[in-house]
Amino acid sequence: MSTDITDQPESTDEHAHHGYSPNKDAYLKRLRRVEGQVRGISRMVDEDQYCIDILTQVAAATKALHAVSLGLLEDHMGHCVADAARESRETGNDEAVQAKVAEATAAIARLMR
């Protein structure tokens, strides 16, 4: 789900345009699909279906959420971190890029738990 960051409009408000914005519809579609999977898993438990079948569906939903997470992380790196790097080059102050890299690192650590 990578995008060309040069095609993204500049923003004066840091939250007015997120890195995932160009892919928002695709993310929402994937998340609705995951939501349906989770409802299906709940239904399987309610219907006392076989444990392994339920676990298989949990694994599929987990994999789908991981795919969304990785896409969001890629978009964050390509937009937010890249913008901070450009700002750092222009101002000579690398605090913004260090903060964005720290955010990404913390997000990766949470995903790995």
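Using a cut-off of 4.0 Å between Lys/Arg side-chain N and Asp/Glu carboxylate O, R86 and D83 are scored as salt-bridged. Of the charged side-chain nitrogens involved, none lies within less than 4.0 Å of a carboxylate oxygen, so that R32 and E35 do not count as a salt-bridged pair.
Annotation for A104 and M77: closest pair CB-SD, 3.5 Å, computed over non-hydrogen atoms. Considering every non-hydrogen atom in both K100 and H76, the closest pair reads O-NE2, 3.7 Å. V97 approaches V81 most closely through the heavy-atom pair CG2-O, 4.1 Å.
L31 CG to Q37 CD: the interatomic distance, rounded to the nearest 0.5 Å, is 11.0 Å. Taken from CD in E74 to NE2 in H79, the straight-line distance is 14.0 Å, to the nearest 0.5 Å. Atom-to-atom distance recorded for Q98:CD and S88:OG is 8.0 Å, nearest 0.5 angstrom.
When each of D48, D53, I54 is paired with Y50, the side-chain contact (heavy atoms from CB on, under 4.5 Å) condition holds for D53 and for no other.
Both L72 and V34 are part of a single hydrophobic cluster, where members link through side-chain heavy atoms under 4.5 Å apart.
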Would you mind writing out the side-chain donor-acceptor pairs for residues 61-71 within the sub-3.5 Å range, not counting sequence neighbours?
from : atom 1 : to  : atom 2 : distance (Å)
T62  : OG1    : V58 : O      : 2.8
S69  : OG     : L65 : O      : 3.0

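Remark: the backbone N or O of V38 is not paired with any side-chain donor or acceptor of S42 at under 3.5 angstrom.
Annotation: E95, atom CD; neighbour count of heavy atoms from other residues, nucleotides and ligands within 6.0 Å does not exceed 12.
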